[in-house]
Engineer: 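What follows is a single structure, and I will ask about it in a moment.
Note that the coordinates shown come from a computational prediction; the quantities given were computed from them, not determined experimentally.
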Amino acid sequence: MAKIMNYITEDVVRDEAKFILGFNESEKNIQQGTGQITTFNQLGFKGINDKPDGWYIHENKNYVAIILETKNSKEDIGTKKCIDEIKKNCNILKNAGYKKVVGILHNGKRTIGFLNNEPIDVPNDLQNKRFYIDLVDNQGIDKTKIYDTTRRINNNLHSNFGVKNLYHRMIFTACALVAERYGANLEGLKDREFSMLHNAILSTINKSLIDDKKQNSKLHILEDVYAKIEMNYTENQQAINDFITDVCDISDCVNSNEWRGEDVMGIFFNEFNRYKKKSEAGQIFTPEHITSFMYRLIGVTENDYVADLCCGSGGFLVKAMSNMMQSAGGYGTNKAKDIRKNHLFGIEFDKEIFALACANMLIHKDGKTNLEQNDMRSETACEWVRSKPITKVLMNPPYENKFGCMTIVENVLDNVKPGTDCAFILPDKKLEKTSKKQIDRTLSNHKLTKIIKLPEPLFFGVGVTTSVFVFKAGQPQNGQEIFGCYIEDDGLETVKNQGRQDVKNRWKEIENYWIDSITKLRDTKHQTDQWIKPSEHLSYQMPEKPFEISEEDFKKTAMDYICFKQGIDTKEFGEKLLNAVLYGSEVSPAETSVNIKIGGGSDD
């Protein structure tokens, strides 16, 4: 009798699995359920009358799909017959373009899992579908692979397609990534003519922005800029196929939940622009580890409203969005949806770079609906800022006066709400080189609280050293001293053709130390902390090296002075003296040295 009680029929196994997996739920854009009467043909796979036991199928083929095959509790699901059956059903989705197909074999007591028909480790007990989705999406990120792939894309677009414009190469790649993320299935366009690839990308972008353009009409700029990109040559089929392969490889990495807000456009910029000191618009893209540091420096939380009002490619916003969603419990929470839609604000002046920012946010799971193409030097931009509930500002504005660097800084501080923490990356001496009238006006309304000097190699090749200047908007300085410190080393190393990278994973520990030290207003390890009087300096003061002079320096200076008084050319005199020593003396080789005999003595 006990044996009968332990036996579970396939119908019972299937019904229980429906609720454990959550296939009984209703979700937008997803078909899910269990049963033995629904065919793949009814699920949208034309002409296929096989019937799965369970299914979870998103309309976007880049998302994880799940196929369930159930058996009664007595059947051994490890047999070739059972495994072939689940693989056959998974292949139906794979052949239709689904990239991540999880197959689950379950008999009520044991579970076997597959990813794209390769075995994966799963618990014996059946789990909710979210477990299997996260298992696939939480694969690690290979940054080296992304750099290598980006280099191939850059060379391909430049050499084989003839796209000479840097930003056009970046935008075309970014738009392809957006299209792949939103279900264009670019793999299916291999061995097809270029016009089909071009149109598929544009069509997918149009569809993905329909709802968002109701909130932000300027998102059409992304489509406009993309449509204007011209290729000099589009007949190289191998080049087209290679581009598709590389874009799909990067897309798989970015769609992983392990991606923590690294700026894809920043990686593109490092590669596409590595032979150029800076962009025509004064753009210097902020390294990803510094966006992370500044996020923590001013204490951003998931409840903040974060703005970058010269947002470039959107690196600060991407990092903020990723960290805020993580703090809120993950991408799928209601709080995360609110963050993406309502908590991120950006302004960018340059249309092409604005298009990059839109694409970057789209690639990184949305957040683009509050991006504005505008000029932070203008009153319309100031009015836009005043209308937003901004609580934290993270910025790396263009440094040159011709781009209105300090006008931008002042406009930001004047138009955010009083008490807003604002962190700006600026050249070390920028405030001291600004007119006294403007600085006095700024400090009479806003308080500069911290100056954090950044590592000098940070913007290698650009020829500028920088600091983070942290202001409290709407609170006057009133002579209060400013805390300063110097992060001399960020642990990054220069990798050939890939810029500076954290190859030894040192930055996290370094970042933790400095956040703790700045919070405590004390650098106990390096002793770089200082309190700066605003009436004397508005920059971090590097310690002066002690004056030292050696006996040799003294003798040289004295000899130079004597020669000067006698009218003797020291360079000419030195050459004559050297010639007299070398060529007017006895020179004889020894075993390990050369002996030079001058007069009655010798030197070795």
Engineer: Output all residues satisfying side chain to side chain contact (heavy atoms under 4.5 Å, CB included) with His158, sequence neighbours left out; order by chain, then residue number.
Structural biologist: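 Here the qualifying residues are Lys164, Arg169.
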Engineer: Evaluate the side-chain proximity of Trp514 to His526: yes if any heavy-atom separation is below 4.5 Å, no if none is.
Structural biologist: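 Heavy-atom side-chain distance check passes, below 4.5 Å.
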Engineer: Among Asp421, Val306, Thr420, find the residue that satisfies the side-chain contact (heavy atoms from CB on, under 4.5 Å) test when tested with Ile298.
Structural biologist: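 Exactly one option meets the side-chain contact (heavy atoms from CB on, under 4.5 Å) with Ile298, and it is Asp421.
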Engineer: Where the side chain of His446 meets the backbone of Gln475, is there a donor-acceptor pair that is under 3.5 Å apart?
Structural biologist: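 No, His446 side chain to Gln475 backbone: no donor-acceptor pair under 3.5 Å.
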Engineer: Do the two ring centres, one from Phe172 and one from Phe243, sit under 6.0 Å apart?
Structural biologist: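 Yes, close enough.
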Engineer: Distance-only, no hydrogens or angles: does the Ser159 side chain make a donor-acceptor pair with backbone N or O of Asn155 under 3.5 Å?
Structural biologist: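 Yes: the side chain of Ser159 pairs with the backbone of Asn155.
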Engineer: Is a side-chain donor or acceptor of Asn160 paired with a backbone partner of Ala239 at a separation under 3.5 angstrom?
Structural biologist: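 Looks like no, no N/O pair under 3.5 Å.
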Engineer: Backbone N or O of Ala179 within a donor-acceptor pair of the Thr204 side chain at under 3.5 Å?
Structural biologist: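 No.
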Engineer: Tell me whether Lys437 is salt-bridged to Asp440, with the criterion being a basic N under 4.0 Å from an acidic carboxylate O.
Structural biologist: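 No, Lys437 and Asp440 are not salt-bridged.
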Engineer: Do Ser467 and Ser539 touch side chain to side chain, with heavy atoms closer than 4.5 Å?
Structural biologist: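 Ser467 vs Ser539: side chains apart.
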Engineer: I need the single residue from Asn445, Thr449, Leu413 that forms a side-chain contact (heavy atoms from CB on, under 4.5 Å) with Phe471. Which is it?
Structural biologist: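 Between Phe471 and the candidates, side-chain contact (heavy atoms from CB on, under 4.5 Å) is satisfied uniquely by Leu413.
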Engineer: By the definition side-chain contact (heavy atoms from CB on, under 4.5 Å), identify the one residue from Asp148, Ile250, Asp249 that meets it with Ile153.
Structural biologist: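 Exactly one pass, corresponding to Ile250.
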Engineer: Quick one: side-chain hydrogen bond (donor to acceptor under 3.5 Å, both in side chains) partners of Arg296, sequence neighbours excluded?
Structural biologist: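 Once residues adjacent in sequence are excluded, the partners of Arg296 under the side-chain hydrogen bond (donor to acceptor under 3.5 Å, both in side chains) criterion are Glu511, Asn512.
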Engineer: What I'd like to find out is whether the side chain of Asn374 reaches to under 4.5 Å of the side chain of Phe354, using heavy atoms alone.
Structural biologist: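 Side chain of Asn374 against side chain of Phe354, heavy atoms only: no contact under 4.5 Å found.
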Engineer: When you compare the side chain of Leu197 with that of Leu186, does any pair of heavy atoms fall below 4.5 Å?
Structural biologist: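 Yes, close enough: below the 4.5 Å cut-off.
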Engineer: Please answer whether the main-chain N or O of Tyr399 pairs with a side-chain N or O of Lys430 as donor and acceptor at a distance below 3.5 Å.
Structural biologist: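 At least one qualifying donor-acceptor pair exists.
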Engineer: Does Asp242 pair with Arg152 as a salt bridge, N-O distance under 4.0 Å?
Structural biologist: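 No, this pair does not count.
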Engineer: Taking the side chain as every heavy atom from C-beta outward, state whether Phe483 and Asp529 have any atom pair closer than 4.5 Å.
Structural biologist: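 Heavy-atom side-chain distance check passes, below 4.5 Å.
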Engineer: Under the 3.5 angstrom rule, does the side chain of Lys417 hit a backbone N or O of Lys388 as a donor-acceptor pair?
Structural biologist: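 Side chain of Lys417 to backbone of Lys388: a pair is present.
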Engineer: Before giving the answer on side chain to side chain contact (heavy atoms under 4.5 Å, CB included), spell out for Val468 and Leu454 the whole-Å C-alpha distance, their side-chain angles and the decisive distance to 0.1 Å.
Structural biologist: CA-CA 7 Å; Val468 179; Leu454 297 173; 3.8 Å; yes
Engineer: Taking Glu352's backbone N and O only, do any of them form a donor-acceptor pair with Asp350's side chain (distance below 3.5 Å, no angle check)?
Structural biologist: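 Indeed, once roles are kept as given, a pair shorter than 3.5 Å links the two residues.
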Engineer: Got Phe293 and Ile452 here, is their nearest side-chain heavy-atom distance under 4.5 Å?
Structural biologist: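 The answer is yes; the side chains approach within 4.5 Å.
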Engineer: Any side-chain heavy atom of Ile221 within less than 4.5 Å of one from Cys358?
Structural biologist: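 In short, these two side chains do not touch, never coming nearer than 4.5 Å.
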Engineer: Do His289 and Leu458 have side-chain heavy atoms sitting under 4.5 Å apart?
Structural biologist: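 Result yes, sub-4.5 Å side-chain heavy-atom pair found.
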Engineer: Check this for me: does any side-chain nitrogen of one of Asp224 and Lys351 sit under 4.0 Å from a carboxylate oxygen of the other?
Structural biologist: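 No, no charged N to carboxylate O under 4.0 Å.
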Engineer: Show, in sequence, the C-alpha distance, side-chain angles and deciding distance for Glu536 and Gln541, and conclude whether the side chain to side chain contact (heavy atoms under 4.5 Å, CB included) test is met.
Structural biologist: CA-CA 11 Å; Glu536 296 178 359; Gln541 298 303 293; over 6 Å; no
